[in-house]
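In what follows, every heavy atom counts, from backbone to side chain, and hydrogens, waters and symmetry copies are set aside.
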Amino acid sequence: MKKHLIAFCLSSALLTGVIMPVQADINLVPQDLSAAPAIPTARLQQLSWQPVDATRAQTTTLTQSATPLDVRGLTGAIAAYSLPANQGELTVTLSSEVVHNQVFAPNVLVLDENLQPAAWFPSRFFSYQQPGVMSADRLEGVMKLTPVPGQQKIYLLVFTTDQDLTQTTTLLDPAKAYAKGTGHAVPDIPDPVARHSRDGKIKLKVATSSGSSILVGPLFGSAAPAAVTVGSTRPAMAATTQRAPAPEPAPLVNETESYFNQSIRQAVQQGNIDKALKLLDEAERLGSTSARQTFISSVKGKG
């Protein structure tokens, strides 16, 4: 899958279900926002963003009683979540349960701390999962997100579209599921079909993890306004008296410079962006003049 670097790096993840794995569209490029709905920032600022507790799953019943987004192409209920952005990489599992042969087909727009779109997961990313011992028929997908250092919150907006309402999801008949689970002959009966609806029941589960992910927020070299601090987030001390400016750090010796550059390249190749950013921060603190360009080139080289 071709990856484009604009303001963050990409990697999407799949979840292994109780009976079968989630099979997201392999051609999906979440950071390609060209087909994502354009939602005015002023409208996003008016939403009530619900904080998510990373220690437990959160269930939301979507109803149409709330004020809709009033954005062309979007319809029905929405869910707006606020996630902690200072706990490293986040693995976000979103499930939409089938109820009475109806299901909410979720789309997820990921926004950075400044409510700027960072990634989009359309409904085709969320695949049908058969019921398990502790779960019902559902649409489900897993997103891995790494907030850029310096942010406190990132946001997930969950919604459905007019186009989603024209589609359906084919379920597995309970008799077939039982036969498969017990090793009996699978009966030749039609599977039920769930129509997509404007409301429903979704569950959000957030956990910290490691590995490649989508980096949410502007990176070095981005043309976008760098409102989010990248790198060291140590607060500056307020000066009470005039002081002479601190001397510039002396350039690193060649061996040390090469060590940091090589370590940054290896961290990016392994998908460990957090480690690469920390190495960059330390190298520049010691006086490196090439670590930043090495980081940018390495990230672009993964595109």
(message) Less than 4.5 Å apart, side chain to side chain, heavy atoms only: is that true for Ile202 and Leu62?
(response) yes
Does any N or O in the side chain of [X] come within less than 3.5 Å of the main-chain N or O of [Y], such that one atom is a donor and the other an acceptor?
{"X": "Arg138", "Y": "Gln130", "answer": "yes"}
{"X": "Asp191", "Y": "Asp173", "answer": "yes"}
{"X": "Ser96", "Y": "Ala105", "answer": "no"}
{"X": "Asn107", "Y": "Ser123", "answer": "yes"}
{"X": "Asn114", "Y": "Gln116", "answer": "no"}

If I take atom [atom1] from residue [X] and atom [atom2] from residue [Y], how far apart are they, to the nearest 0.5 angstrom?
{"X": "Glu97", "Y": "Thr59", "atom1": "CD", "atom2": "OG1", "value": "8.5 Å"}
{"X": "Ile39", "Y": "Leu69", "atom1": "CD1", "atom2": "CG", "value": "5.5 Å"}
{"X": "Leu145", "Y": "Leu156", "atom1": "CG", "atom2": "CG", "value": "6.5 Å"}
{"X": "Leu139", "Y": "Leu94", "atom1": "CG", "atom2": "CG", "value": "9.5 Å"}
{"X": "Glu113", "Y": "Lys153", "atom1": "CD", "atom2": "NZ", "value": "10.0 Å"}
{"X": "Phe260", "Y": "Thr294", "atom1": "CZ", "atom2": "OG1", "value": "12.0 Å"}

Using every non-hydrogen atom in the two residues, find where [X] and [Y] come nearest and quote the distance to one decimal.
{"X": "Thr161", "Y": "Asp164", "value": "OG1-OD2, 2.9 Å"}
{"X": "Leu33", "Y": "Ala119", "value": "CD2-C, 3.6 Å"}
{"X": "Phe295", "Y": "Ile264", "value": "CA-CG2, 3.8 Å"}
{"X": "Phe121", "Y": "Pro30", "value": "CE2-CG, 3.5 Å"}
{"X": "Ala175", "Y": "Ile189", "value": "CB-CD1, 3.9 Å"}
{"X": "Pro117", "Y": "Leu111", "value": "N-CD2, 3.8 Å"}

Quick check: is [Y] connected to [X] through a chain of hydrophobic side chains (ILVMFWY, heavy atoms under 4.5 Å apart)?
{"X": "Val103", "Y": "Leu165", "value": "no"}
{"X": "Val99", "Y": "Phe104", "value": "no"}
{"X": "Tyr259", "Y": "Leu277", "value": "yes"}

(message) Would you say that more than 12 heavy atoms from the other residues, nucleotides or ligands in this model lie under 6.0 Å from the CD of Gln266, or not?
(response) yes
(request) Mark yes when over 12 heavy atoms from residues, nucleotides or ligands other than Lys201 sit less than 6.0 Å from its NZ; otherwise mark no. (result) no
(request) Could you note down all residue pairs passing ring pair (Phe, Tyr, Trp, His ring centres under 6.0 Å) where residues 155-188 supplies at least one of them, sequence neighbours left out? (result) Trp49-Tyr155
(request) Not counting sequence neighbours, list each pair that qualifies as a ring pair (Phe, Tyr, Trp, His ring centres under 6.0 Å) and has a residue in residues 263-287. (result)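 The answer is none; no pair qualifies.
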Side-chain donor-acceptor contacts of residues 74-88 below 3.5 Å, not counting sequence neighbours, with atom names and distances?
residue: Thr75; atom: OG1; partner: Arg198; partner atom: NE; Å: 3.1
residue: Tyr81; atom: OH; partner: Thr60; partner atom: OG1; Å: 2.7
residue: Asn86; atom: ND2; partner: Gln152; partner atom: OE1; Å: 3.3

(request) Report the C-alpha separation of Leu47 and Leu157 in whole Å, then their side-chain angles, then the decisive distance to 0.1 Å, and conclude whether the side-chain contact (heavy atoms from CB on, under 4.5 Å) test is met. (result) CA-CA 10 Å; Leu47 297 178; Leu157 181 64; 3.8 Å; yes
(message) Assess, by modelled atom type and distance only, whether the side chains of Ser290 and Asn261 contain a donor and an acceptor separated by less than 3.5 Å.
(response) yes
(request) List for me each residue that meets side chain to side chain donor-acceptor pair (under 3.5 Å) alongside Thr169, sequence neighbours excluded, and say none if there are none. (result) His196
(request) Report the residues that fulfil side chain to side chain donor-acceptor pair (under 3.5 Å) with Gln293, sequence neighbours left out, ordered by chain and then residue number. (result)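 Once residues adjacent in sequence are excluded, the partners of Gln293 under the side chain to side chain donor-acceptor pair (under 3.5 Å) criterion are Ser297.
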(request) In sequence, state the C-alpha distance, the side-chain angles, and the governing distance for Arg195 and Asn101, and then conclude on side-chain contact (heavy atoms from CB on, under 4.5 Å). (result) CA-CA 7 Å; Arg195 66 179 183 86; Asn101 282 0; over 6 Å; no
(request) Can you sort out the partners of Asp53 under salt bridge (Lys or Arg N to Asp or Glu O under 4.0 Å), two or more places apart, ordered by chain and number? (result) Arg56
